[in-house]
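Right, one structure below, let's go through it.
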Protein chains: 2
Amino acid sequence: MFSQAEENYIKAIYALDTKTKKGVSTNLIAEKMQTKASSVTDMLQKLSEKRLVIYKKYQGVQLSTKGKKIAASVVRKHRLWETFLVNKLNFSWDEVHDIAEQLEHIKSEKLIDELAVFLENPTHDPHGDPIPDKNGELPSIEKIILATLQVNESGICVGVQDSSSKFLQFLDKQGIALGQKITVIAKEPFDDSLTIKIENRELSISQKIAHNLYVQLK
Amino acid sequence: MFSQAEENYIKAIYALDTKTKKGVSTNLIAEKMQTKASSVTDMLQKLSEKRLVIYKKYQGVQLSTKGKKIAASVVRKHRLWETFLVNKLNFSWDEVHDIAEQLEHIKSEKLIDELAVFLENPTHDPHGDPIPDKNGELPSIEKIILATLQVNESGICVGVQDSSSKFLQFLDKQGIALGQKITVIAKEPFDDSLTIKIENRELSISQKIAHNLYVQLK
DNA sequence: TCTAATTTTTAGACAAGTCTAAAAATATTT
DNA sequence: AAATATTTTTAGACTTGTCTAAAAATTAGA
């Protein structure tokens, strides 16, 4: 069994590991976890002894196979709990992260199995992020950044790149939600803003917004 | 905010505080929490500084008003989560304790409020134990130990005194469950065992069993 | 009531996880 | 390629919660 601290470090490495060969740097992890580099080094050495990460001094870390399994399991728990909070307890999508951060560390395999069944085995959480299955496999859908759509192209809004409360609340205010069809009406070259049609309304969104929304081509 | 350890000690004192004037002893708490008396003393001094307990060296402890509020809130969370596990996730009543021990420490007032609504504001958990309301008030029903019933008296089974897995599984095996009507057919003076009628079956139960079941008189 | 047994507290140590400050290694710049 | 800047690691300290062993207080017994 692993401590909450260990699980959190593993999750951070998992999130920062960008499939490139190179390991994740100590400072990156420290920033992500709001902690100090020296604390990270201590933990990396501990995780390395437990064979959860592959770590060479000064060379960054990567998750081992075992580490990846644990990371996927923690992410699975986190996203299932977020789904529970939104679908069953009437939370909005900008309120669930901190609570799921706590719930993800509850130890019980049966609890998570039953929760998944209760939620009807969701494949994506309320932010559109994929939920790993029991074996740690991610369901993959081809989603692209809204900003990359051409004029007259359209797609279904399926996720967010930035899942901060601020951004999610902004989307709520604009009436933008997952599942909606978005068509690009015009692109403004000057500031890269977009005019989009969504749910029969026309909306102008900034370049920044367009870079933080995912759509799935139809 | 309080640590899990602090909450656990407060909960233990709450459970052991038997309404008599006298404080709860260090050893009793140590036994309940499976820890050492010296650890208990350390924690009592800490809780005392935080004004959560009233503690005088060598004289035992009692919860302060603030301590009682916290205890009730932790118990409320525990019992609501047990109810969730049984009613929504298909757990049986002998499987939920350890998981609820973890879930009771999740920090979020809204989570508990919404959970209570989702469960339709239950007043009792799956073992028949009362769930404190938001203000820490316990719903009181007059329940008595089955063993105290006279021959020909009857009542509804509403709770258990011993909620260990072993006992609960025994009740399952015997087909005894909360909500069932129990009538005492006979009492055996030799060993204080009872013959009862329950759900149209006749059953002989030992003195020990009869002392661990609560019934409500009709 | 005075001694013996029991309970409780203190003192000091340990593990996990964090921090600061300093040292060591790596990366960058000229 | 040498000097400088940056990143990472080490060393030592601190907090929380635990333990063992010894001391102090209370309770029980003769």
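In the text below, chain A, chain B and the rest are named by the order of the sequence lines, each starting its count at 1.
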Side-chain N,O (A:Tyr9) to OP1/OP2 (C:dA16) below 4.0 Å = no

Would you mind reading off the distance between B:Leu44 atom CG and C:dT7 atom C1', rounded to a whole angstrom?
-> 13 Å

DNA chain C: A:Gln4 or A:Gln59, which has the more 5' nearest nucleotide?
-> A:Gln4

Residue A:Glu31 excluded, over 12 heavy atoms near CD under 6.0 Å = no

What is the distance from CZ of A:Phe2 to C1' of C:dA15, rounded to the nearest Å?
-> 18 Å

Nearest to side-chain heavy atoms of A:Met43, which nucleotide of C:dT18, C:dT9, D:dT9 | C:dT18

Do we get B:Lys68 above B:Tyr14's six-membered ring, with its NZ or CZ under 6.0 Å from the centre and within 45° of the axis?
-> no

note: B:Asp42, atom CG; C:dT10, atom P; distance rounded to Å ~ 9 Å

Kindly state which residues belonging to residues 27-37 of chain A come within less than 4.0 angstrom of DNA chain D, counting heavy atoms of the residue only, listed by number.
-> A:Asn27, A:Ala37

How about A:Phe84 and B:Phe84: are their ring centres within less than 6.0 Å of each other?
-> yes

Residue-phosphate contact under 4.0 Å: A:Lys57 side-chain N/O, D:dT10 OP1/OP2 = yes

Please report, rounded to the nearest Å, how far the P atom of D:dA25 is from the NZ atom of B:Lys56.
-> 16 Å

Of all the choices, D:dT18, C:dT10, D:dT9, which nucleotide is nearest to the side chain of A:Gln45 once you look at every atom?
-> D:dT9

Residues pairing under side-chain hydrogen bond (donor to acceptor under 3.5 Å, both in side chains) where one sits in residues 52-61 of chain A, two or more places apart or in two chains, turn out to be none

Any chance the side chains of B:Asp172 and B:Trp93 put a donor and an acceptor closer than 3.5 Å?
-> yes

B:Phe118 ring centre to B:Lys88 NZ or CZ under 6.0 Å, with the angle to the axis within 45°?
-> yes

Proximity of A:His97 and A:His127 rings by center, below 6.0 Å = no

Tell me whether the OP1 or OP2 atom of C:dA23 has a side-chain N or O from A:Tyr58 closer than 4.0 Å.
-> no

Protein-nucleotides 2-5 of chain D N/O pairs under 3.5 Å:
none

Side-chain N or O of A:Ser39 closer than 4.0 Å to phosphate OP1/OP2 of C:dT18 | no

Around atom NZ of B:Lys208, are there more than 12 heavy atoms of other residues, nucleotides or ligands at under 6.0 Å?
-> no

May I ask you to check whether B:His105 and B:Glu7 show a side-chain donor-acceptor distance below 3.5 Å?
-> yes

Among D:dT18, C:dT18, C:dA11, which is the nearest nucleotide to the side chain of B:Ser38?
-> C:dA11

Measure the distance from NZ on B:Lys50 to C1' on D:dT16 and round it to the nearest whole Å.
-> 10 Å

When rounded to whole Å, the CD to P distance for the pair A:Glu7 and C:dA16 reads 16 Å

